[in-house]
There are 2 protein chains.
Amino acid sequence: MAGLARYMAVLRLFSEGMPTWTVAEMADALQVPQSTAYRTVRDLLGEGLVEMSSEARYRLGPAFVEFDRLTRLTDPLMQAGAHVLRAIVQDAGVPAVALLCRLYGREVMCIADHVSPDASFSPSYERGKPMPLTQGATSKAILARLPAKRLSKLIGADAVETLRPELAVIRRAGFCLGRGEIDEGLAGMAVPIVCEAEGLVASLSLVVESHRLSGAREERLRHVVMNAAHEIEATLNQDHVGALRA
Amino acid sequence: MAGLARYMAVLRLFSEGMPTWTVAEMADALQVPQSTAYRTVRDLLGEGLVEMSSEARYRLGPAFVEFDRLTRLTDPLMQAGAHVLRAIVQDAGVPAVALLCRLYGREVMCIADHVSPDASFSPSYERGKPMPLTQGATSKAILARLPAKRLSKLIGADAVETLRPELAVIRRAGFCLGRGEIDEGLAGMAVPIVCEAEGLVASLSLVVESHRLSGAREERLRHVVMNAAHEIEATLNQDHVGALRA
DNA sequence: GGTCATATTCTCAAAAATTGAGAATATGGA
DNA sequence: TCCATATTCTCAATTTTTGAGAATATGACC
């Protein structure tokens, strides 16, 4: 294994189930001699990607927290949309979770969330959690606005065929409603957000308990989410124009 | 430049002031030929450390958001202390910001914050922001609990001499009050948190407007912060014992 | 302060990866 | 379709990485 991959292989060992590793364990898991593992860890340590816990164990380091902050500060979607989440949760009038998600590299990832204080259900998503590409209103709203070429590169031509009719409907409606696709008993409403100039394809979603979503309320919430999403989209395009002029 | 350093040099180019870069700009900034820069970016792209924005520009990628989440989920200090921040801000009874910070690699970094809804001042700190090592109550509370050897490795023997008396007082009091050391007009109260078994040296701080901190209120807030910090410390040691048994 | 076990760094020649310059291709608009 | 620019590729020279084990540091315990 060469170059960056060697380092990333070590970093990807760390998980929720096993947050600290000894060098011997790493060497064993990656099938490399200990001397090599030690050298790799020494480099990672020097860059702050790993830190030492006690007893010869290592943990992920401060660099990630720092780079994440930079991402939060500089992601245009984050800047345009973060404050909207609180607002739509409040507008919802029922226990709700608002999510801002985007196609990020090869995954759909949640990059911001807001849970209403009275929400008794636990949200399945949170900042930094990748989501299934082809399941749930959030992802579908994103896929619906992806150019055909990029879409098939992402999920494969077969999957595109299967989803095509559904995505066409979403694209036309500018809206997607999913019930229980991700979490049993929950419903998600998602609206796409696109900013070509920034290379962004994203969605704003509101998750509520399925049984609360009937008739007039569904109608009202749809408007809340759509208006908020369009506002974010407008801000994005506005900002970009501003950035170009500056 | 070799190995990891070559990749990190590229990543550290990204900043709040310049969040996207073209490959030509990177090559120029790092004084390497473009072909090399392209190869480096290709590797970073493959690992999700960088993503493409539009028009041949690159941005930091999803990997950082993902690793940050893992850090949030697995950092023992975070688990033990995150929920306490909201509580002490509420207890404070005046506009306040609560911070959980720790020695992380070679820096003191804020890893969690909570701002009271009525705070009119903007906090100078937030998750992911490194703080000056030798200034402010937050950092001093941490330094005060660092073993002598580690302390001088961190800030140098000279700085240790200068700070020694002050740190001795903090260590004995289990508490540190600083006025205007970081932000003019604000006061910080910090209490150290240590968990040897996890290799953690940290502090819990409460920041309020300086003029609100007089007499009885100072006394009361000191107790609020100290109690909360000790509770976190107890949880940490408890959890660690539990982890060992499991 | 000394002794042990274990963690970490070091050494060196062989093997593998990276480098730089420029040619060759891909890509995305007019 | 063509153009400009972005990106990948090629190849020999150079530099880095590798693996095994020896050498050294570290820290707990007596």
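Computed from a prediction, not measured in an experiment: that's the story for all the values here. Order of the sequence lines fixes the chain letters, A, B, ..., with proteins taken first and strands second; residue numbering starts at 1 for each chain.
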| Atom pair distance, as rounded to whole Å: CD in Q31(B) and C1' in dA21(C) |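 Result: 17 Å.
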Spatial distance of atom [atom1] ([X]) from atom [atom2] ([Y]) [nearest 0.5 Å]:
X: R69(A); Y: I111(B); atom1: CZ; atom2: CD1; answer: 15.0 Å
X: M26(B); Y: Q34(B); atom1: CE; atom2: CD; answer: 11.0 Å
X: R222(B); Y: L177(B); atom1: CZ; atom2: CG; answer: 9.0 Å
X: R102(A); Y: S203(A); atom1: CZ; atom2: OG; answer: 11.5 Å
X: Y58(A); Y: L13(A); atom1: OH; atom2: CG; answer: 14.0 Å
X: E47(B); Y: L4(A); atom1: CD; atom2: CG; answer: 5.5 Å

Protein-nucleotides 4-8 of chain C N/O pairs under 3.5 Å:
| residue | atom | partner | partner atom | Å |
| --- | --- | --- | --- | --- |
| dT8(C) | OP1 | Y58(A) | OH | 2.8 |
| dT8(C) | OP2 | Y38(A) | OH | 3.0 |

Using nucleotides 16-18 of chain D, report all nitrogen or oxygen pairs with the protein that are shorter than 3.5 Å.
| residue | atom | partner | partner atom | Å |
| --- | --- | --- | --- | --- |
| dT18(D) | OP1 | R6(A) | NE | 3.1 |
| dT18(D) | OP2 | R6(A) | NH1 | 3.3 |

| said: Please verify the inter-ring angle class for F64(B) with F64(A); under 30° counts as parallel, over 60° as perpendicular, anything in between as tilted. | reply: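 Correct class here is tilted.
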| said: Contact between L103(B) and L154(B) at the side-chain level, heavy atoms closer than 4.5 Å - yes or no? | reply: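 Yes, side chains in contact.
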